[in-house]
Amino acid sequence: MSETKIKAKLTNDKGNQKTIPVKLFKITDIPDVMDKQGWVMSARFMRKWFYDPYYEMSLNEKLNKIDMKKIDGIHIVDDLDFEWLYTSSKRVGPVIDNYVSNLAYVREYNGYLGRIEGITNQLSNGLIAIIKRLERLGVVDVKSKVIHNKILDFSSLSAIDLDKTSQFNYFPIGSTLWEKATDELDDVYGALGSFIVKIAFLNMIVAKDKNGLFRIEINKIGLYVRDTYEFMNDGDDQPLGYWGWDNVIKPGIISELMKKSVINKDGNDYYRVTNSSFVQYRNKCQEEKSDTTGDFLYSLR
């Protein structure tokens, strides 16, 4: 892969000209900056993308609309522990713990897993998803109102398998405008950006009680992340920060609105990086017949 270089001509007068090479910051330098920040997983993920064999995920793959087991194992990272989210970020743990606490003591009315209190007594999305899962598993037949007493245990399943078997709810982290503006930069941000934590039931008892009512008892839930590492834009070009040789900074509102290519802070230049920066790099690799830039699927369980 050829490197892009810039030469700046410094001229004092017409008779005294010299060309001085100026080192240009490249997106392939970003993993080194991540190393300096102590962002181990971020650097690992980005280097994998840069140097893996070429693989460009489709939109259906990104949206989890195909069987992920058909993807070559080289494009899957599944050796990450969910606990990494806690140890690598101070902002993520409290969000997860707050959500879990809302699931710990579920009664009849619960916006996450129960009925939504109101005039219509509508079922929550989480409860609807569980009932659909049980239908697919053959435990419940809603039309005929048949319920089979069953103990279900999916504790040994991988995140990819849970996604198809017992996942019933989710919540996003880092996706709101407020979070994007105020969240601290850390290894989780560098590796995952904004992401979704999914919830699945791992151990459940399904039965009719003595009054003939449908009873669901969830004894264990599992949290996991299953997402794709790629640089596909869903709409506007997603900004990924301003990067320099030793650090990364979040763009201010004015800088981002003006889409400044370079900003200066404390005498150091920082260069605007977006999803399109990586798309352009991939296109250049393809033009040069370089079999690199591999999108991949990752999971934390």
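Along the sequence shown, residues carry numbers from 1. From a predicted model like this one, the values you see are computed outputs, not experimental measurements.
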Visitor: May I ask you to check whether Asn60 and Ser58 show a side-chain donor-acceptor distance below 3.5 Å?
Guide: no

Visitor: For residues Val273 and Tyr281: do they belong to one hydrophobic cluster (side chain heavy atoms under 4.5 Å, members Ile, Leu, Val, Met, Phe, Trp, Tyr)?
Guide: yes

Visitor: Is a donor on one side and an acceptor on the other found under 3.5 Å between the side chain of Asp187 and the backbone of Met41?
Guide: yes

Visitor: If we ignore hydrogens and angles and just use 3.5 Å, is the side chain of Asp291 paired with the main-chain N or O of Tyr54 as donor and acceptor?
Guide: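 At least one qualifying donor-acceptor pair exists.
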
Visitor: Tell me, with the steps shown, if Leu80 and Val225 meet side-chain contact (heavy atoms from CB on, under 4.5 Å).
Guide: CA-CA 10 Å; Leu80 307 180; Val225 177; over 6 Å; no

Visitor: Check whether Asp237 reaches the backbone of Ser276 with its side chain - one donor and one acceptor, N or O, closer than 3.5 Å.
Guide: yes

Visitor: Check whether the ring centres of Tyr170 and Phe168 lie less than 6.0 Å apart, and answer yes or no.
Guide: no

Visitor: Answer yes or no: does atom NZ of Lys265 have more than 12 heavy-atom neighbours from other residues, nucleotides or ligands under 6.0 Å?
Guide: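 Result for NZ/Lys265: open.
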
Visitor: Rounded at 0.5 Å granularity, tell me how far CD1 in Ile205 sits from CG in Leu152.
Guide: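 Here the rounded value is 9.5 Å.
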
Visitor: First locate atom OG of Ser156, then atom CG of Asp161, and finally report the distance between them rounded to the nearest 0.5 Å.
Guide: 8.5 Å

Visitor: State plainly whether the residues Lys90 and Asp186 are in salt-bridge range, i.e. N to O under 4.0 Å.
Guide: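 Salt bridge absent between Lys90 and Asp186.
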
Visitor: Can a donor-acceptor pair be found, under 3.5 Å and without considering hydrogens, that links the side chain of Arg301 to the backbone of Leu157?
Guide: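 Pair found, side chain donor or acceptor close to backbone of Leu157.
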
Visitor: Please check if the number of heavy atoms outside Ile151 that lie under 6.0 Å from its CD1 is greater than 12.
Guide: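 Check fails, neighbour count at 12 or below.
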
Visitor: Within the structure provided, determine whether Glu61 and Tyr55 are in side-chain contact (heavy-atom separation under 4.5 Å).
Guide: yes

Visitor: Are Ile218 and Leu134 connected in the hydrophobic side-chain network, where two residues link if heavy atoms are under 4.5 Å apart?
Guide: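 Shared cluster, yes.
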
Visitor: Can the ring centroids of Phe25 and Trp245 be said to lie less than 6.0 angstrom from one another?
Guide: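 So the answer is yes for these two rings.
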
Visitor: If only atom types and distance count, is the side chain of Asp52 paired as donor or acceptor with the main-chain N or O of Trp49 below 3.5 Å?
Guide: no

Visitor: Any side-chain to backbone donor/acceptor pair from Gln37 onto Trp39? Under 3.5 Å, distance only.
Guide: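 Not confirmed, Gln37 side chain does not pair with Trp39 backbone.
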
Visitor: If you take all heavy atoms of Asp78 and Ser299, which pair is closest and at what distance?
Guide: CB-OG, 3.5 Å

Visitor: Okay, side chain of Arg133, backbone of Ile128: is any donor-acceptor separation there less than 3.5 Å?
Guide: no

Visitor: Quick check on salt bridge (Lys or Arg N to Asp or Glu O under 4.0 Å): which of Arg282, Lys48, Lys62 does Asp295 satisfy it with?
Guide: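 Single pass found, and it is Arg282.
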
Visitor: Assigning hydrophobic clusters by single linkage (Ile, Leu, Val, Met, Phe, Trp, Tyr; side-chain heavy-atom cutoff under 4.5 Å), is Phe171 placed with Leu127?
Guide: yes

Visitor: Would you confirm whether Gln280, through its side chain, and Ser277, through its main-chain N or O, come within 3.5 Å as a donor-acceptor pair?
Guide: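 Checking the backbone N and O of Ser277 against the side chain of Gln280, no donor-acceptor pair under 3.5 Å is found.
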
Visitor: When you measure from the side chain of Asp81 to the backbone N and O of Trp84, does any donor-acceptor pair fall under 3.5 Å?
Guide: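 Pair absent, no side-chain N/O of Asp81 close to backbone of Trp84.
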
Visitor: Do you reckon Phe296 sits in the same ILVMFWY cluster as Ile196, going by side-chain contacts under 4.5 Å, direct or chained?
Guide: no

Visitor: Which heavy-atom pair separates Asn169 from Gln167 by the least distance, and what is that distance?
Guide: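 Looking at all heavy atoms of both residues, the shortest contact is O-NE2, 2.9 Å.
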
Visitor: Same cluster for Tyr86 and Val40 if Ile/Leu/Val/Met/Phe/Trp/Tyr side chains link at under 4.5 Å?
Guide: no

Visitor: For the pair Lys250 (side chain) and Asp183 (backbone), establish whether a donor and an acceptor sit closer than 3.5 Å, ignoring hydrogens and angles.
Guide: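 Side chain of Lys250 to backbone of Asp183, a donor-acceptor pair under 3.5 Å: yes, one is there.
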
Visitor: Would you find more than 12 non-hydrogen atoms of other residues, nucleotides or ligands less than 6.0 Å from Glu184 atom CD?
Guide: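 No - once you tally the heavy atoms of other residues, nucleotides and ligands closer than 6.0 Å, there are 12 at most.
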
